[in-house]
Amino acid sequence: MKGFGCVRKLVPEMSGRKKGLSNDEKKVKLLELFHESVRTAPYSRDVWILKDLEKTAAKEKGIVLQTVKDVLDQLVVRSRVVFTVMRNNFSYLPVFLWQSDGLVTMEKIGISNYFWSFPGAAAIKRKQTLEEVEEQMTKLKKRNVELDESIENAQVGREETVERTALLASVQDAKDLQKSMKAELVQFKDCDPALIDAKNKAAEIAKVAANRWTDNMFSLQSYCCNQFNMASADFNKHFSVPADFDNL
């Protein structure tokens, strides 16, 4: 029973264990450390190197030391915001903007990276992002008006009438007929005059090349017979040249 008593003592300790910080909470706390360090003891510093920042963040803000670098990278690196303007229930014109740019500034000096962030930087960056969004929205609204005008102009003379409906039906019938005729034409592609002409030209080129190599063989045969005093029949026998070997 003594062992069970030990278990009972451990249970409340385990249930009361503090929950770890989420990623967003880590970013907030790390950013707080930067801002507090500008004006508050015991840090009282403007610029950090990664090693000191990891130790202080782990000690003062409860951020696991091994995760500080990843959180810092997220504050330094820009994150992209994507939104689309909706027009007539369809997704239209994606817009890409950057947010959280420069919440923490990094500068490489020599072989070391230095990091800093000031309390007003986040507000300034948010204001800049807001201005960019408003500028994009102004451009998109202008583009939207232009497209509406283009649609209205394109619809002039295209009003739904009995004559227009009949003409559109005729166009569709013509397209269907063209499609069926093309499908039928594929069956006779081997009889295509252009294809036959191309094959004849290719055959003529092949014939000229074959005769050229035949002439080369006769030249080699003549050289060997004269050089080594041998009969042409012996040459043909040794080099497996057929008796009816000749130009086409």
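Under the side-chain contact (heavy atoms from CB on, under 4.5 Å) criterion, Val28 pairs with Glu32, not counting sequence neighbours. For Asp234, the side chain to side chain donor-acceptor pair (under 3.5 Å) test picks out no residue, with sequence neighbours left out. Not counting sequence neighbours, the partners of Asp24 by the side-chain contact (heavy atoms from CB on, under 4.5 Å) test are Ser22, Lys27.
Using a 4.5 Å heavy-atom threshold, the side chains of Leu21 and Lys61 count as separate. Counting heavy atoms from C-beta outward, Leu50 and Asn113 have side chains that stay 4.5 Å or more apart. Annotation: side chain of Lys141 is not in contact with side chain of Val145 (no heavy-atom distance under 4.5 Å). Counting heavy atoms from C-beta on, the side chains of Trp116 and Glu107 come closer than 4.5 Å. You'll find the side chain of Pro193 stays beyond 4.5 Å of the side chain of Asp197, heavy atoms only. Between Leu30 and Lys26 there is no side-chain heavy-atom pair separated by less than 4.5 Å. Within the 4.5 Å cutoff, side-chain heavy atoms of Met217 are placed close to those of Phe235. Between Lys142 and Glu146 there is a side-chain heavy-atom pair separated by less than 4.5 Å.
Under the 3.5 Å distance criterion, the side-chain polar atoms of Thr56 are left unmatched by any main-chain donor or acceptor of Leu53. Ser117 places a side-chain N or O within 3.5 Å of a backbone atom of Leu103 that can act as its donor or acceptor partner. With Asp52 contributing its side chain and Trp48 its backbone, the two residues share no donor-acceptor pair below 3.5 Å. With hydrogens and angles ignored, the 3.5 Å screen pairs a side-chain donor or acceptor of Ser170 with a backbone N or O of Ala166. Looking only at distances, a side-chain donor or acceptor of Asn226 sits under 3.5 Å from a matching main-chain atom of Ser222.
Taking CG from Asn23 and OG1 from Thr67, the interatomic distance works out to 8.5 Å, rounded to the nearest 0.5 Å. Taking OG1 of Thr161 as the reference point, atom CG of Leu167 lies at 8.0 Å (rounded to 0.5 Å). The CG atom of Asp70 lies 11.5 Å from the CG atom of Leu75; values are rounded to the nearest 0.5 Å. Between the CD atom of Glu134 and the OG1 atom of Thr129 there is a distance of 11.0 Å, given to the nearest 0.5 Å. One distance of note links CG of Leu31 with CD of Glu36; it measures 10.0 Å at 0.5 Å rounding.
No continuous path of ILVMFWY side-chain contacts below 4.5 Å connects Val64 to Val68, so the two sit in separate hydrophobic clusters. Follow the hydrophobic side-chain contacts under 4.5 Å out from Ile109 and you reach Ile49 in the same cluster. Both Phe245 and Met230 belong to a common hydrophobic cluster when Ile, Leu, Val, Met, Phe, Trp and Tyr are linked at side-chain heavy-atom distances under 4.5 angstrom.
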**Request:** Determine, stepwise, if the pair Lys29 / Ile63 fulfils side-chain contact (heavy atoms from CB on, under 4.5 Å).
**Result:** CA-CA 8 Å; Lys29 286 186 173 294; Ile63 305 174; 4.2 Å; yes
**Request:** List the steps, then state whether side-chain contact (heavy atoms from CB on, under 4.5 Å) holds for Leu140 with Asn144.
**Result:** CA-CA 6 Å; Leu140 291 173; Asn144 189 58; over 6 Å; no
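Legend: side chain to side chain donor-acceptor pair (under 3.5 Å) pairs involving residues 237-248, not counting sequence neighbours, sorted by first then second residue: Asp215-Asn247. Within the structure, no pair that satisfies the side chain to side chain donor-acceptor pair (under 3.5 Å) test touches residues 202-213, not counting sequence neighbours.
A salt bridge links Lys139 to Glu135: one of the charged nitrogens lies within less than 4.0 Å of a carboxylate oxygen.
Around CD of Glu131, the count of heavy atoms belonging to other residues, nucleotides or ligands within 6.0 Å exceeds 12.
In this structure, Phe115 has its ring center no closer than 6.0 Å to that of Phe34.
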Donor-acceptor pairs under 3.5 Å, side chain of residues 174-186 to any protein atom, not counting sequence neighbours: which ones?
from: Asp176; atom 1: OD1; to: Gln172; atom 2: NE2; distance (Å): 3.1
from: Ser180; atom 1: OG; to: Asp176; atom 2: O; distance (Å): 3.4
from: Ser180; atom 1: OG; to: Leu177; atom 2: O; distance (Å): 2.8

